[in-house]
Amino acid sequence: LIGQKAQKEGYKAYAIGGFVRDLLLGVENLDIDIVVEENAISFAEKLVKYIGGNLKTYPNFGTATLTLKDGSKIDFATARMEFYPFPAALPEVEETTIKHDLYRRDFTINTLGFKLNSPVFGDFLDFFNGKKDLEDGIIRVLYNLSFVEDPTRILRAIRFEARYGFKIEEQTLAFMENAINNNMLEEVKVGRMADELKLMLSEKTGLTSFKRAMDLGIIDKIFGEIEDKDRLLKEMETVNNLMEICQVKGISIDEPFLVYLRVILSHCREHIRIKFLKGMNLEKNLYDDLMYFFEEYKGALEKLRNPKFYSPSELVEILGDFSHDSLIPLTAISGSNLVKRRVFLYLEELSKVSIETKGEDLLELGFKPGPIFSEIMENLRKEKLDGNISNKEEEIIWVKS
Ligand code: CTP
């Protein structure tokens with residue numbers, strides 16, 4: 001349909017990038033990227049009238065996203081040929097623009113495409129031997145300065161390498177190491193770096209990539225010299241295992257990436273940690289939650305590692321202000337089975353204990369609203385946690401006494 005419309009309206013449209021790569025690999029990828037010569041936005045605006053859906057346009061970038069009724073998304077981008085001089089003479093004039101556009105991309109395996117226009121529908125585009133690299137499992141850049149122009153590609157390379165079990169080609173690895181050693185990663189804004197790390201750690205093979213990033217010195221460049229790399233790796237693996245346990249037990253985790261990030265940042269110097277957290281522009285409640293973790297986790301661990309007996313209400317006092325997303329890294333950092341048992345007792349049982357007495361019950365009992373209300377509720381909960389009361393009747397008797 002897209003091809004027919006493009007042909008009718010005088011545009012050239014191509015399916016390109018990750019969608020085509022994964023199609024050839026037989027891997028599911030529902031994110032379809034279409035490149036349009038000469039104007040993706042005006043084409044998408046015409047298309048939406050034809051096939052329906054919800055269109056969002058980004059004029060500054062010459063892109064548009066069409067969300068179809070079934071929820072699937074199609075991204076449209078205008079083929080661009082500015083910025084990068086292309087060295088070789090261009091044999092087919094009609095394909096100049098798309099060829100330039102593909103040349104600007106990260107790796108040869110991402111430069112494959114299909115023509116969509118109706119008479120030539122399905123014609124395969126492979127200007128840079130991407131299909132061969134895909135078959136051989138090779139990640140290769142298209143030009144020497146690729147990592148310098150966009151250092152986030154360093155992380156993309158190791159992400160794809162682990163995801164598909166591919167190998168970064170020798171020369172490409174040398175360009176990459178060169179960019180790392182020349183501090184190119186420091187040029188990337190924290191927000192973009194965090195996005196890229198999040199993508200990496202969201203993959204099934206995220207920890208393999210993380211280890212590779214560590215071995216290549218990437219993590220040191222992003223977060224400052226990590227002193228005990230083996231310990232960090234071990235803690236990351238523990239986080240991964242603990243999150244799997246949480247999933248099985250139905251314990252909710254809000255943002256797995258931030259769970260990993262807490263562990264990484266606990267190995268950093270404070271000024272780097274603050275700079276990273278500020279640079280991520282997190283929502284205030286998330287930022288505060290992370291800051292609370294860094295302020296409090298060491299003190300909490302000291303108590304939790306102490307083999308002395310804690311009553312349930314004492315455990316809740318130590319753990320109750322930490323979010324689930326903070327308790328997982330706290331457990332991983334502790335490396336202690338005792339801490340793990342205590343945290344999971346809290347997550348699975350103690351955090352769910354609540355009282356039935358409400359404000360109106362206290363009013364009925366003749367209390368005047370004020371700080372006394374929360375004081376009573378807090379003490380009631382302690383009594384309930386420690387097994388001294390078990391139902392509303394007993395709660396009311398306790399309040400009266
Ligand atoms: N791209 C690039 N440089 C980047 C990011 C993206 O050249 N730093 C190009 C790649 O060629 C990629 C395309 O833009 O194919 C679309 O980017 P994205 O959707 O992020 O990548 P996918 O390859 O689809 O990756 P994924 O499978 O992880 O979604």
Side-chain angles (χ1 to χ4, degrees), residues 14-27 29 31 33 35 81 83-91 95 98-114 124-188 192-193 195-197 199-222:
Y14 308 87
I16 46 88
F19 171 72
V20 179
R21 174 197 70 216
D22 288 343
L23 193 71
L24 294 180
L25 286 173
V27 176
N29 186 337
D31 184 11
D33 284 311
V35 166
M81 53 187 296
F83 307 134
Y84 306 108
F86 186 65
L90 295 158
E95 281 167 356
I98 185 69
K99 189 166 180 175
H100 271 80
D101 185 280
L102 293 170
Y103 182 69
R104 291 170 51 247
R105 290 171 185 259
D106 50 3
F107 311 117
T108 56
I109 57 167
N110 287 335
T111 61
L112 300 170
F114 288 109
F124 190 54
L125 302 182
D126 180 10
F127 297 111
F128 311 106
N129 282 329
K131 184 156 177 281
K132 172 130 188 15
D133 284 344
L134 199 60
E135 281 160 5
D136 295 345
I138 285 175
I139 294 165
R140 186 197 309 269
V141 284
L142 289 127
Y143 52 97
N144 306 7
L145 290 177
S146 188
F147 293 118
V148 173
E149 276 162 10
D150 185 349
T152 62
R153 289 174 174 173
I154 294 169
L155 289 174
R156 284 175 66 85
I158 60 172
R159 177 156 64 90
F160 290 133
E161 181 186 41
R163 183 202 284 176
Y164 300 119
F166 282 10
K167 218 174 147 32
I168 299 173
E169 178 267 335
E170 210 176 300
Q171 182 68 62
T172 297
L173 188 63
F175 290 142
M176 204 165 121
E177 285 173 330
N178 204 16
I180 297 167
N181 295 333
N182 282 301
N183 301 329
M184 289 303 149
L185 287 160
E186 278 94 318
E187 304 292 317
V188 180
R192 271 199 83 197
M193 190 52 88
D195 289 345
E196 209 52 59
L197 282 169
L199 287 174
M200 187 173 101
L201 288 168
S202 305
E203 302 257 348
K204 282 200 190 83
T205 46
L207 288 186
T208 310
S209 297
F210 186 78
K211 181 167 185 318
R212 178 85 153 126
M214 195 101 104
D215 293 343
L216 285 166
I218 294 168
I219 301 300
D220 279 344
K221 290 288 180 191
I222 303 174

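Residue numbers run from 1 in the order of the sequence given. Just so you know, these numbers come straight off a predicted model, no measurement behind them.
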Is it true that a side-chain atom of [X] and a backbone atom of [Y] form a donor plus acceptor pair closer than 3.5 Å?
X	Y	answer
D126	K131	yes
E169	Q171	yes
S146	Y143	no

Testing the basics here: between [X] and [Y], what is the closest heavy-atom pair and its distance to 0.1 Å?
X	Y	value
M184	P151	O-CG, 3.4 Å
D31	F19	O-CB, 3.6 Å
R159	S209	CA-OG, 3.8 Å
F124	G113	CD1-O, 3.3 Å
I139	E161	CD1-N, 3.3 Å
I168	L173	CG2-N, 3.7 Å

Do other residues, nucleotides or ligands put more than 12 heavy atoms under 6.0 Å from E170 CD?
->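 Result for CD/E170: open.
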Nearest 0.5 angstrom please: [X] [atom1] to [Y] [atom2], how far?
X	Y	atom1	atom2	value
D220	L216	CG	CG	11.0 Å
F127	L112	CZ	CG	10.5 Å
I154	I180	CD1	CD1	5.0 Å
I158	M214	CD1	CE	11.0 Å
R156	L199	CZ	CG	8.0 Å
I98	I16	CD1	CD1	6.5 Å

Could you check whether any side-chain heavy atom of [X] comes within less than 4.5 Å of a side-chain heavy atom of [Y], counting everything from C-beta outward?
X	Y	value
T108	K132	no
F107	V141	yes
L201	L207	yes
F175	V148	no

R192/E196 salt bridge by N-O under 4.0 Å criterion =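 Result for this pair is no, no salt bridge flagged.
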Quick one: do the N178 and N182 side chains pair a donor with an acceptor below 3.5 Å?
->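 Present: a donor and an acceptor within the cut-off.
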Residue that, paired with R140, satisfies side-chain hydrogen bond (donor to acceptor under 3.5 Å, both in side chains) out of D133, D106, N129 |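 Exactly one pass, corresponding to D133.
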For ring-ring contact (aromatic ring centres under 6.0 Å, His included), just list the numbers for F114 and Y14, CA-CA rounded to whole Å, side-chain angles, deciding distance to a tenth of an Å, and then say yes or no.
-> CA-CA 5 Å; F114 288 109; Y14 308 87; over 10 Å; no
Between Y164 and F160, what is the ring plane arrangement, given parallel below 30°, perpendicular above 60°, and tilted in between?
->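 Answer is parallel, since the angle falls under 30°.
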